[in-house]
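Structure record follows, encoded as structure tokens.
Convention: sequence-line order gives letters A, B, ...; per-chain numbering from 1.
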Protein chains: 2
Amino acid sequence: MSVTINDIARLSGVSKRTVSRVINCSPAVGKATRERVLEIIKETGFSPDKQARGLASSRSYLLGLIYDNPDALYIDEVQRGALSVCAELGYELVVHPGSSKRDDFISDCLSFISRSKLDGVIILPPVSENKALAAALREINCPYVRLASVDLDDADNIVVSDERAAMRDMATHLVELGHTDIGFISGPQHYRSSIERLAGFLAELQVYNVKLPTDRIVEGKNNYDSGLACAEQLLNTLPRPTAIVANNDEMAAAVLRVANNLNIRVPDELSVAGFDDNILASRIIPSLTTIRRPVFNMACLAVQKLINKSRNNQEKLALQKTVTPNLVTRESTGRVNG
Amino acid sequence: MSVTINDIARLSGVSKRTVSRVINCSPAVGKATRERVLEIIKETGFSPDKQARGLASSRSYLLGLIYDNPDALYIDEVQRGALSVCAELGYELVVHPGSSKRDDFISDCLSFISRSKLDGVIILPPVSENKALAAALREINCPYVRLASVDLDDADNIVVSDERAAMRDMATHLVELGHTDIGFISGPQHYRSSIERLAGFLAELQVYNVKLPTDRIVEGKNNYDSGLACAEQLLNTLPRPTAIVANNDEMAAAVLRVANNLNIRVPDELSVAGFDDNILASRIIPSLTTIRRPVFNMACLAVQKLINKSRNNQEKLALQKTVTPNLVTRESTGRVNG
DNA sequence: TTGTAAGCGTTATCAT
DNA sequence: ATGATAACGCTTACAA
């Protein structure tokens with residue numbers, strides 16, 4: 001059938017053990033030997049069998065992606081980012097959407113990992129905030145990297161997007177446009193990301209001495225329907241806020257919808273902003289001011305960290321821990337009484 | 001470490017070969033023996049090692065997903081559908097976005113397949129229309145299933161969504177609303193899906209004796225920017241069409257944008273429709289009349305067909321070949337002069 | 001620096 | 001119906 005390590009050994013006149021050393025970049029191989037073997041490998045187009053390799057070394061060259069996140073665009077970007085690094089290094093990506101609400105979620109993830117002897121997993125928010133999962137992974141010694149909005153793990157195990165800082169920028173943006181009465185639709189307060197975003201926003205408002213009374217803050221569920229409800233609550237009070245910031249684009253889209261129903265012009269009478277820079281954000285009318293995370297890069301970093309761990313023989317390069325999202329201003333925010 | 005087939009053999013007092021037979025549902029095992037072995041397996045929580053299994057049987061229990069499609073929502077739905085079946089049957093899903101424009105695309109896919117000894121691949125549109133790829137897969141004897149809009153393969157190898165029929169429904173819908181002057185933004189005419197959709201639409205118009213002159217048909221590239229250009233072309237002629245149908249939601253969103261810029265009210269002065277039922281379609285204002293494919297189910301079917309093939313010993317159940325998309329009517333279409 | 005031999009956990013062959 | 005034994009293609013002791 002296809003060419004094996006034995007063929008290479010025979011053809012290059014060395015033992016298979018030596019071929020194995022060459023494949024695995026062992027330094028303990030004579031230069032001449034190495035070159036001869038590599039030559040034969042190239043000629044024959046040999047590539048080592050992953051399964052055999054895995055069986056012998058208990059590695060799989062498979063990385064897992066664990067998530068419970070309805071945002072398909074976010075996931076797609078993560079996958080493409082991760083794969084861009086995987087491809088170079090001979091790894092594949094196995095996907096595993098789950099539902100973190102089920103009580104067998106953790107054991108399901110562990111089973112996923114052991115089933116395919118994954119070499120490591122990337123965990124996306126909001127699952128990445130799950131302490132029990134991280135603990136379970138450490139327990140079974142499974143390398144993992146979390147993508148998160150808060151610094152809740154060692155640099156080896158996390159890539160953080162500084163969403164607090166990003167929301168400070170958002171606050172600055174609105175204050176500079178003259179807004180002093182602002183509504184905020186937060187995400188579920190059991191998510192760290194929701195807490196971070198709100199905290200960053202409030203902190204920066206304080207700098208400008210802009211107050212945001214508690215009745216201007218309503219808690220949504222990060223989905224469209226809850227966004228509608230929250231928007232109605234905020235827009236049916238008088239005086240109305242002149243701006244509403246939502247914890248994500250999905251809920252910001254809901255604000256636009258409610259404003260439209262109530263004949264409130266955006267941004268003339270109401271500024272609206274979201275978070276994510278979804279496809280929605282650029283397509284909806286008016287297009288949405290929002291915040292964009294460097295998701296692709298975060299995924300690249302995650303894979304690099306993961307592979308760094310597997311190759312503990314090599315010299316490890318320290319990889320960046322934090323990345324910075326940036327504000328994207330579009331049509332939905334404008335001057336007060338603009 | 002973890003429990004192996006040897007442990008099961010020892011504990012249940014049979015040979016490992018017999019355990020293997022039980023695992024693989026071989027009929028050649030006595031009932032009593034089978035039950036005893038299964039009992040032990042359950043007690044110990046044993047699950048066979050995929051890599052060892054693969055090495056011995058040259059199977060991997062891995063399915064691949066090949067695509068070159070920017071629609072993250074479509075892909076996400078496919079992944080979830082495929083995994084819902086994979087999970088039951090002990091398979092995993094490995095993702096592989098590629099760029100079909102590159103001339104090494106096919107060899108890249110083949111390498112992807114052989115690298116991980118995939119048991120089969122699902123191919124999404126528009127890559128699924130690639131004849132050369134399908135031929136190459138048959139050549140190397142790799143089971144595949146294509147998701148497509150046209151019946152271009154055996155029932156074993158394809159799941160077809162009848163988009164021609166769906167677009168007939170769309171035509172009917174518009175004619176019933178009184179539209180007789182309709183613009184059409186097609187997709188690239190080298191895609192069968194684009195051809196099908198346009199053909200279905202035109203065929204049904206003919207039934208109602210509604211003409212659609214060639215200058216009412218412009219070819220877009222299925223992306224937002226091309227949609228903007230096409231929409232401008234159609235809307236800057238007088239008299240304007242009273243309805244515009246686009247080959248996908250992305251371009252339909254562009255039509256809404258241009259209409260907005262030109263102060264054309266939708267649907268009062270212009271009806272707009274798309275195809276896909278993207279998240280966009282329900283969020284944009286006005287929400288978009290569009291066509292929804294049963295993508296999740298298509299993916300389920302694809303995986304079932306794929307696994308059917310691997311298990312050629314078992315009795316094969318004939319699986320559905322064609323599925324029917326359905327029209328979703330929303331705010332963007334309305335009566336003429338409504 | 002290189003080679004020998006023993007696994008890794010399954011399935012496949014061929015007996016019985 | 002069941003079992004002994006040899007693959008499968010590679011890595012990892014352990015030698016030399």
Side-chain angles (χ1 to χ4, degrees), chain A residues 1-38 40-41 44-62 90 114-117 119 310-313, chain B residues 1-38 40-41 44-62 90-91 114-117 119 310-314:
Chain A
M1 199 71 176
S2 76
V3 37
T4 77
I5 197 174
N6 293 305
D7 301 323
I8 305 298
R10 187 168 30 76
L11 289 172
S12 44
V14 298
S15 75
K16 74 202 271 192
R17 176 64 251 241
T18 296
V19 177
S20 172
R21 285 194 179 96
V22 172
I23 295 170
N24 293 287
C25 304
S26 158
V29 174
K31 195 181 173 194
T33 316
R34 153 170 289 113
E35 280 169 3
R36 182 153 31 94
V37 173
L38 284 175
I40 304 282
I41 289 180
T44 55
F46 164 76
S47 100
D49 182 299
K50 272 203 188 114
Q51 303 188 330
R53 237 181 161 183
L55 184 56
S57 65
S58 59
R59 286 201 279 155
S60 63
Y61 298 88
L62 255 30
S114 72
R115 271 205 306 274
S116 300
K117 295 224 201 87
D119 289 349
S310 327
R311 303 186 169 176
N312 37 16
N313 48 334
Chain B
M1 200 68 175
S2 75
V3 37
T4 78
I5 198 174
N6 293 302
D7 301 323
I8 306 297
R10 186 168 30 76
L11 290 172
S12 45
V14 299
S15 75
K16 71 202 273 194
R17 179 65 251 238
T18 297
V19 177
S20 173
R21 285 193 180 96
V22 172
I23 294 170
N24 294 285
C25 303
S26 158
V29 173
K31 195 180 173 195
T33 316
R34 153 169 290 113
E35 279 170 4
R36 184 153 30 95
V37 172
L38 284 174
I40 304 283
I41 289 180
T44 55
F46 165 77
S47 102
D49 182 298
K50 274 205 186 110
Q51 302 188 330
R53 239 181 161 181
L55 182 56
S57 64
S58 59
R59 286 201 278 155
S60 63
Y61 298 86
L62 255 31
Y91 284 74
S114 72
R115 270 206 305 274
S116 299
K117 295 222 201 89
D119 289 349
S310 328
R311 303 185 169 177
N312 36 17
N313 48 335
Q314 320 253 352

| Spacing of B:Asn6 atom CG relative to C:dT11 atom P, expressed in whole Å | 11 Å
| Which atom pair, heavy atoms only, marks the closest approach of B:Arg53 to B:Asn24? | NH2-OD1, 3.1 Å
| request: Could you tell me which non-hydrogen atom of B:Ser60 sits nearest to which non-hydrogen atom of B:Asp119, and how far apart they are? | output: N-OD1, 2.9 Å
| request: Please check the phosphate of C:dC8 (OP1 and OP2 only) for any side-chain N or O of A:Ser58 closer than 4.0 Å. | output: no
| Distance, rounded to the nearest Å, where B:Ile5 contributes CD1 and C:dC8 contributes P | 14 Å
| task | State, to the nearest 10°, the angle formed by the axis through the first five base pairs of the helix from C:dT1-D:dA16 to C:dT16-D:dA1 and the axis through its last five. | result | 30°
| request: Let me know the distance between CG of A:Leu55 and P of C:dT10, rounded to the nearest Å. | output: 9 Å
| task | Applying side-chain contact (heavy atoms from CB on, under 4.5 Å), name anything that partners B:Ala56, two or more places apart in sequence or on another chain. | result | none
| message | Whole angstroms only, please: what is the CD1-C1' distance between B:Ile23 and C:dA12? | response | 14 Å
| A:Asp49 has an atom CG; how far is it from atom C1' of C:dG9, in whole Å? | 14 Å
Protein-nucleic acid N or O pairs under 3.5 Å, nucleotides 1-3 of chain D:
unit_1, atom_1, unit_2, atom_2, d
D:dT2, OP1, B:Thr33, OG1, 2.5
D:dT2, OP2, B:Gly30, N, 2.5
D:dT2, OP2, B:Thr33, OG1, 3.4
D:dT2, O4, B:Arg21, NH2, 3.2
D:dG3, OP2, B:Ser15, N, 2.8
D:dG3, OP2, B:Ser15, OG, 3.2
D:dG3, OP2, B:Thr18, OG1, 2.7
D:dG3, N7, B:Arg21, NH1, 3.3
D:dG3, O6, B:Arg21, NH2, 2.7

| query | For the pair made of CG in B:Asn24 and P in C:dG9, what is the distance, rounded to whole Å? | reply | 17 Å
| field | Length of the CG-C1' vector between A:Asp119 and D:dT11, whole Å | value | 14 Å
